[in-house]
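Sequence positions, counted from 1, serve as the residue numbers for this chain. Side chains included, hydrogens not; waters and symmetry mates left out as well; all remaining heavy atoms used.
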Amino acid sequence: MKAPLPSSIASAISAIKWPLIPNSMPMYYESLPSLSQLRQKSNTIPPYMLSILENLDETIDGLVLPIENGNDQETNRHFIMTSLALVFLGHGLADEAHDLITPLSWSEDTYFGGPTLVSKADKEVVTLSSFCHALVHRREGWAHGEFGYIGWQNANYWSSATNSRGTYTLPLSEVRQKVLAIGEEIGGEAKQWCEDHIISEGGSDKSYWESRALHELCAKTSRDEHKHDDSELRLFAQRAAEAELKTLLKYSLYRAGYDCDHIIGKDKDETLKVLRKIDESVALAIANKISSAHIGAFASSDCVTVRNLVRDGADDSFLLSVAVGLACRLLGSPACVYQEDISLLNAATEGIFIILPENETEFSEGASSFYGGGPVSRRDAFAIRIGKNGSEKVVKGLDKQVYAFIPCAADHKKALFVDKFYGSRGERPTSVIQWSKGTIFETEKS
């Protein structure tokens with residue numbers, strides 16, 4: 001029986017993303033103690049990640065199980081190191097990831113990673129770490145790094161090294177299956193890329209996967225000035241890279257003796273179905289609490305605070321229902337699409353952030369800088385239009401309480417919620433007073 005993961009690690013895994021940015025940040029190539037001092041000055045790293053970083057040795061020791069899958073403790077420790085490296089990488093901490101996997105994949109000592117462990121490590125660990133090493137340098141991207149090469153070049157080197165060490169133990173068939181499913185879902189150029197680089201090149205080999213092809217696609221889409229930030233091919237590259245990382249992480253944790261199916265999920269579609277489960281009656285009730293004063297404040301200032309919408313002990317489904325009902329009414333839209341990955345949004349995106357803080361001190365300072373803000377309790381909601389000056393600062397580091405929605409037609413196939421009262425109350429939603437007194441119908445008749 002597999003062991004459950006600690007909550008801090010589970011939280012970190014749930015927040016993994018792989019955004020593509022045109023200007024990559026150079027790596028520090030410093031040791032873990034030096035990096036820990038640098039990260040303490042950062043205000044962009046979530047608290048649960050800082051806790052893991054500040055107590056890394058204790059975290060690793062605490063995660064190593066005595067015996068699992070026939071491994072000795074040292075092999076389990078190596079799988080934990082690789083797993084944490086992938087978690088760090090999913091949070092943009094490429095240096096920490098690099099320090100953990102370099103001793104397991106590079107046969108020489110380094111000043112940042114310490115003594116090499118390649119000769120002592122299991123071959124399966126070395127191969128997996130080599131694959132992870134390629135992903136580290138993919139994240140490095142256009143920045144110059146080791147041996148004067150840019151990240152993409154080093155990524156290709158480590159992909160070749162992985163292939164030369166034998167990939168039969170790696171979950172490549174699962175990576176292939178997930179990426180093909182993403183391409184099928186997005187369609188267009190993404191589906192054609194899969195046809196060209198997976199199906200045609202792989203032939204009858206159902207486990208064929210070439211990470212260098214994805215390196216190339218990520219490089220192209222991250223700097224293609226002729227494409228929009230939300231282009232299908234760019235979205236596909238991000239989702240494919242994230243799926244590849246999570247599949248390797250799931251495999252590495254499994255080999256270390258842990259169950260993470262409920263966190264990573266069997267596939268992204270199943271995860272989204274869980275995340276997108278709402279109570280329609282709750283969403284409608286919340287929408288009907290929004291007054292003309294709220295709508296007017298949002299229309300004029302692009303943000304507003306709405307009081308007492310969330311009950312104590314509310315579960316994820318209730319919170320999402322509250323957020324989407326509020327979003328539809330404030331946007332004046334018959335329906336809304338839930339945008340799970342807020343890193344894909346930009347200032348030109350039409351939509352809204354709904355923030356449901358877990359406590360007052362965590363959020364009040366950010367909200368108070370806006371009209372309609374002020375102290376916000378954990379029962380309140382703060383809404384701010386995507387692209388409003390300062391909105392990025394407000395939502396930064398608050399992923400667990402931030403929901404993003406984009407307006408859409410009622411028949412949109414990805415609509416999370418459709419406001420049933422939208423069409424029956426005129427062209428735009430109205431206040432509760434107008435609806436209850438019937439004044440909207442008098443206005444329409446006149």
If you compare all heavy atoms of [X] against all heavy atoms of [Y], which two are closest, and at what distance to 0.1 Å?
X	Y	value
Phe298	Cys303	CD1-N, 3.7 Å
Leu63	Tyr258	O-OH, 2.5 Å
Gly145	Glu140	CA-OE2, 3.3 Å
Leu5	Ile9	CD2-CG2, 4.2 Å
Cys194	Val179	SG-O, 3.8 Å
Ala12	Val87	CB-CG1, 3.7 Å

Test: [X] and [Y] ion pair at under 4.0 Å:
X	Y	result
Glu96	Arg39	yes
Glu244	Lys178	no
Glu74	Lys120	no
Glu216	Lys220	no
Lys191	Glu184	yes

Between [X] and [Y]: side-chain donor-acceptor atoms closer than 3.5 Å:
X	Y	result
Ser160	Arg212	yes
Arg165	Ser130	yes
Ser159	Asn156	no

Quick one: are [X] and [Y] in side-chain contact, heavy atoms under 4.5 Å?
X	Y	result
Tyr251	Thr169	yes
Tyr254	Asp259	no
Asp279	Phe318	no
Trp18	Arg138	yes
Trp152	Ser222	yes
Arg379	Leu309	no
Leu416	Val337	no
Val304	Phe382	no

Under 6.0 Å between ring centres: does that hold for [X] and [Y]?
X	Y	answer
Tyr149	His144	no
Phe405	Tyr338	yes
His137	Tyr157	no

Sub-3.5 Å donor-acceptor pair from the side chain of [X] to the main-chain atoms of [Y], do we have one?
X	Y	result
Asp302	Arg385	no
Arg234	Thr221	yes
Ser36	Leu32	no
Ser34	Glu30	no
Gln153	Ile150	yes
Ser200	Glu195	yes
Ser173	Lys206	no
Asp95	Tyr29	yes
Gln238	Leu20	yes

Nearest-0.5 Å distance that lies between atom [atom1] in [X] and atom [atom2] in [Y]:
X	Y	atom1	atom2	value
Leu248	Thr82	CG	OG1	10.0 Å
Glu189	Asp196	CD	CG	11.0 Å
Asn55	Asp61	CG	CG	11.0 Å
Ile199	Asp205	CD1	CG	13.0 Å
Ser321	Ile278	OG	CD1	5.0 Å
Leu35	Leu56	CG	CG	10.5 Å

Tell me, with the steps shown, if Ser83 and Ser252 meet side chain to side chain donor-acceptor pair (under 3.5 Å).
CA-CA 6 Å; Ser83 300; Ser252 183; 2.8 Å; yes
When you look at Val306 and Asp380, which way does the side chain to side chain contact (heavy atoms under 4.5 Å, CB included) test go after all the steps?
CA-CA 6 Å; Val306 186; Asp380 300 338; over 6 Å; no
If you draw a 6.0 Å radius around [atom1] in [X], do more than 12 non-hydrogen atoms from other residues or ligands fall strictly inside?
X	atom1	result
Phe112	CZ	yes
Gln177	CD	no
Tyr168	OH	no

Would you kindly check if the NZ (Lys) or CZ (Arg) of Arg223 is within the cone defined by 45 degrees around the ring axis of Trp142 and under 6.0 Å from the six-membered ring centre?
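Yes, a cation-pi geometry holds between Arg223 and Trp142.
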Apply the test side chain to side chain contact (heavy atoms under 4.5 Å, CB included) to residues Trp209 and Leu170: give CA-CA distance (whole Å), side-chain angles for both, the deciding distance (0.1 Å), then the verdict.
CA-CA 10 Å; Trp209 173 250; Leu170 298 178; over 6 Å; no
Starting from the C-alpha separation in whole Å, work towards a yes-or-no answer on side chain to side chain contact (heavy atoms under 4.5 Å, CB included) for Leu249 and Ile13.
CA-CA 9 Å; Leu249 174 57; Ile13 292 174; 3.9 Å; yes
Run the salt bridge (charged side-chain N to carboxylate O under 4.0 Å, His left out) test on Glu242 and Lys17 for me, step by step, so that the C-alpha distance in whole Å, both residues' side-chain angles and the decisive distance to 0.1 Å come before the verdict.
CA-CA 6 Å; Glu242 183 180 319; Lys17 303 292 180 189; 5.2 Å; no
Can Lys414 and Cys408 be said to form a side chain to side chain contact (heavy atoms under 4.5 Å, CB included), step by step?
CA-CA 9 Å; Lys414 293 186 178 181; Cys408 66; over 6 Å; no
